[in-house]
Amino acid sequence: MIPSQPMRHALTTLLVLVVAVPAFAQKEEIFGTGKPPNFREETMDKRFAKSKLAKLLTAGTEDPGCVQLVGGLFVALGEIAPMLHKKDENFTLPPEIQDAVQTQLSTPAFPAVAYLVSMVRRIMIDKRLSDEWLATAQTLNKKVKLIDLAKLKMINEQISLIDSSYFSIPVLRERYLVEALNANSAVTTDVIASFRDSYLDRDVAWGGATLVDIGINQPKAGKKAKKKLYRDAAAEELVAVLQWIPQDPRMNQVNLLAQAPVKVTPVTIYVRLQSKQYADIEKFHRGQRVLLKGRFWEMNKDATEFEVRDGLIFDDRDWTQGVLLGRPEDVSTCAAAINELTGTAPQQPGGFKH
């Protein structure tokens, strides 16, 4: 059976890996030109709502195979949550997690990726993660241990979309170099002002930074007095100082001459935090890898200092060493691991083969 048009549409437009935007990409390619997509309930969404898996998401489970399946899907959903954006219907997922969903949670009878797409669609249609799903995730994480509950708590309260998940720090710096610093002499407009109008005052979610420090922005008195964490923040304001290190431009080249690595200038990010944080920031440590979410507000002339306001910070796990979400032989024992979205006929061209 060939999947219906709504599912083909969902699979080809909702699932995407984080990829670099080319240097020649314009503002419209990064942010889009129209209004945010409007998610409406379609036939496939109704089938998902009636599925056995949807019932497990709401009611929970103690079956070992189902714990692996549902818990693994919640792990993926937690990584998707901060990156939900306004540009289009795509969502971003670390490639290691996508690979685990495809190879560990999927079986010949159960397309885990299609169900993950349906979960994201349900959240976007409802504009929040349901209380029942959050409760199930909290219970399952006692066994799974990998679900980022802080990110799920955030979208349980409300969906706060960033402008574009394609707007990363490397893309920002690349566009600044191309559009502002390298503009030719024939340009008569104020290129810096034009760049700021296009790229600042944007809702962003940036991962891969390390935590330098976090605390109340107030100098300590006495002999061990310290400067404020961020000079432009108000006293008693909660501030996080992060550092993001650009990639060595020669990293992917063969170094036949054993040349020393190129010295790169780190980017310092000052995040003026919201008073309410979903993660327990007291448990964060210096040097920890973190993801920030907030309003990109200001940058200096050489793009080495950024200010982000209304910030939230989360743990940003490094999945590059691989992840075990489940084993197909265990997942296949779960009664909910059946294809109730499109049927169980053999695969045919189109649909899941995209």
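Treat the numbers as computed from the prediction; the structure is a model and nothing was measured.
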Exam field: side chain Arg309 to backbone Leu273, donor-acceptor pair closer than 3.5 Å
no
If you measure from the Lys or Arg side-chain nitrogens to the Asp or Glu carboxylate oxygens, is any gap between Glu157 and Lys276 under 4.0 Å?
yes
How far apart are the closest heavy atoms of Leu242 and Ala209, and which atoms are they?
CB-CB, 4.1 Å
Could you check whether any side-chain N or O of Asn141 sits under 3.5 Å from a backbone N or O of Gln138, counting only pairs where one atom can act as donor and the other as acceptor?
no
Treat each ILVMFWY residue as a node, draw an edge where side-chain heavy atoms are under 4.5 Å apart, and state whether Val239 and Val308 are in one component.
no
Check whether NZ of the Lys or CZ of the Arg Arg202 lies under 6.0 Å from the centre of the six-membered ring of Phe31 and within 45 degrees of that ring's axis.
yes
Measure the shortest side-chain to side-chain distance between Trp319 and Val75 over non-hydrogen atoms and say whether it is less than 4.5 angstrom.
yes
Within this structure, what is the CD-CD1 distance for the pair Glu79 and Ile97, rounded to the nearest 0.5 Å?
6.0 Å
Say whether, by atom type as modelled, one donor and one acceptor occur between the side chain of Asp330 and the main chain of Gly65 under 3.5 angstrom.
no
Within 6.0 angstrom of Glu329 CD, more than 12 heavy atoms from elsewhere:
yes
With a 4.5 Å limit on heavy-atom distance, are the side chains of Phe39 and Arg121 in contact?
yes
Please assess Gln277 against Phe284 for the test side-chain contact (heavy atoms from CB on, under 4.5 Å), listing each intermediate value before the final yes or no.
CA-CA 12 Å; Gln277 295 289 311; Phe284 283 25; over 6 Å; no
Any heavy-atom pair between the side chains of Ile169 and Phe306 that's under 4.5 Å?
yes
To the nearest 0.5 angstrom, please state how far the CE atom of Met299 sits from the CD1 atom of Ile269.
11.5 Å
Leu292-Val241 co-clustered via ILVMFWY side chain contacts under 4.5 Å
no
Might you work through the side-chain contact (heavy atoms from CB on, under 4.5 Å) test for Phe110 and Cys334, ending with a clear yes or no?
CA-CA 10 Å; Phe110 182 77; Cys334 177; over 6 Å; no
Specify the closest pair of heavy atoms between Ala180 and Val191, including all atoms of both residues, with the distance to one decimal.
O-CG2, 3.7 Å
Between Ile147 and Ala137, which heavy-atom pair has the shortest distance, and what is it?
CD1-O, 3.7 Å
Between atom CG of Leu140 and atom OG1 of Thr136, what is the distance when rounded to the nearest 0.5 Å?
6.5 Å
CG-CG distance between Leu211 and Asp316, expressed to the nearest 0.5 angstrom
12.0 Å
Between Asp148 and Arg317, does a side-chain contact (heavy atoms from CB on, under 4.5 Å) hold up when you go through it step by step?
CA-CA 9 Å; Asp148 197 322; Arg317 289 192 179 99; 4.1 Å; yes
Determine yes or no for a side-chain-to-main-chain donor-acceptor pair under 3.5 angstrom, with Arg295 supplying the side chain and Asp201 the backbone.
yes
Between Thr58 and Trp133, is there a side-chain heavy-atom distance shorter than 4.5 Å?
yes
Ile192 backbone acceptor or donor facing Asp190 side chain under 3.5 Å:
yes
Look at the side-chain heavy atoms of Ile, Leu, Val, Met, Phe, Trp and Tyr, link any pair under 4.5 Å apart, and say whether Val212 and Trp244 land in one connected group.
no
Tightest non-hydrogen contact, residues Ala49 and Ala54, listed as O-CB, 3.8 Å
OG of Ser194 to NZ of Lys27: how many Å apart, nearest 0.5 Å?
7.0 Å
Say whether, by atom type as modelled, one donor and one acceptor occur between the side chain of Lys55 and the main chain of Lys50 under 3.5 angstrom.
yes
Rounded to the nearest 0.5 Å, how far does CD of Gln68 lie from CG of Leu73?
11.5 Å
Let me check something: do Tyr270 and Val204 share a hydrophobic cluster, defined by ILVMFWY side-chain heavy atoms less than 4.5 Å apart, either directly or through other members?
no
Hey, does Met44 have a side-chain heavy atom less than 4.5 Å from the side chain of Thr342?
yes
For the side chain of Trp206 and the backbone of Phe167, is there at least one donor-acceptor N/O pair under 3.5 Å apart?
yes
Same cluster or not: are Tyr230 and Leu312 linked, directly or through other Ile, Leu, Val, Met, Phe, Trp or Tyr residues, by side-chain heavy atoms under 4.5 angstrom apart?
no
Which is it for Phe296 and Tyr199 under the ring-ring contact (aromatic ring centres under 6.0 Å, His included) test, yes or no, and what are the steps along the way?
CA-CA 9 Å; Phe296 174 44; Tyr199 294 95; 9.1 Å; no
So does Arg272 pair up with Glu307, basic N to acidic O under 4.0 Å?
yes
With no hydrogens and no angle check, just 3.5 Å: does a side-chain donor-acceptor pair link Thr61 and Asp63?
no
When you measure from the side chain of Asp203 to the backbone N and O of Asp163, does any donor-acceptor pair fall under 3.5 Å?
no
Heavy atoms, side chains only, cut-off 4.5 Å: are Leu152 and Phe74 in contact?
yes
Note, Tyr278 side chain near Lys293 side chain (heavy atom, < 4.5 Å):
no
Is Ile125 close to Arg40 at the side-chain level, that is, under 4.5 Å between some pair of heavy atoms?
no
Determine whether Lys153 and Leu134 satisfy the following criterion, side-chain contact (heavy atoms from CB on, under 4.5 Å), listing intermediate values before the conclusion.
CA-CA 7 Å; Lys153 288 176 183 176; Leu134 178 61; 4.1 Å; yes
Where Ser106 and Pro111 come nearest, the two heavy atoms and their spacing:
OG-C, 4.2 Å
Mind running salt bridge (charged side-chain N to carboxylate O under 4.0 Å, His left out) on Glu132 and Arg122 for me, showing each step along the way?
CA-CA 13 Å; Glu132 293 80 10; Arg122 185 73 265 162; over 6 Å; no
So, does Glu305 use its side chain to make a donor-acceptor pair with the main chain of Thr268 at under 3.5 Å?
no
Does Leu229 offer a backbone N or O that forms a donor-acceptor pair with the side chain of Asn217 under 3.5 Å?
yes
Minimal non-hydrogen separation, Lys87 against Glu28, with atom names:
CE-O, 4.4 Å
Between Tyr166 and Asp88, do the side chains contain an N or O donor and an N or O acceptor separated by less than 3.5 Å?
yes
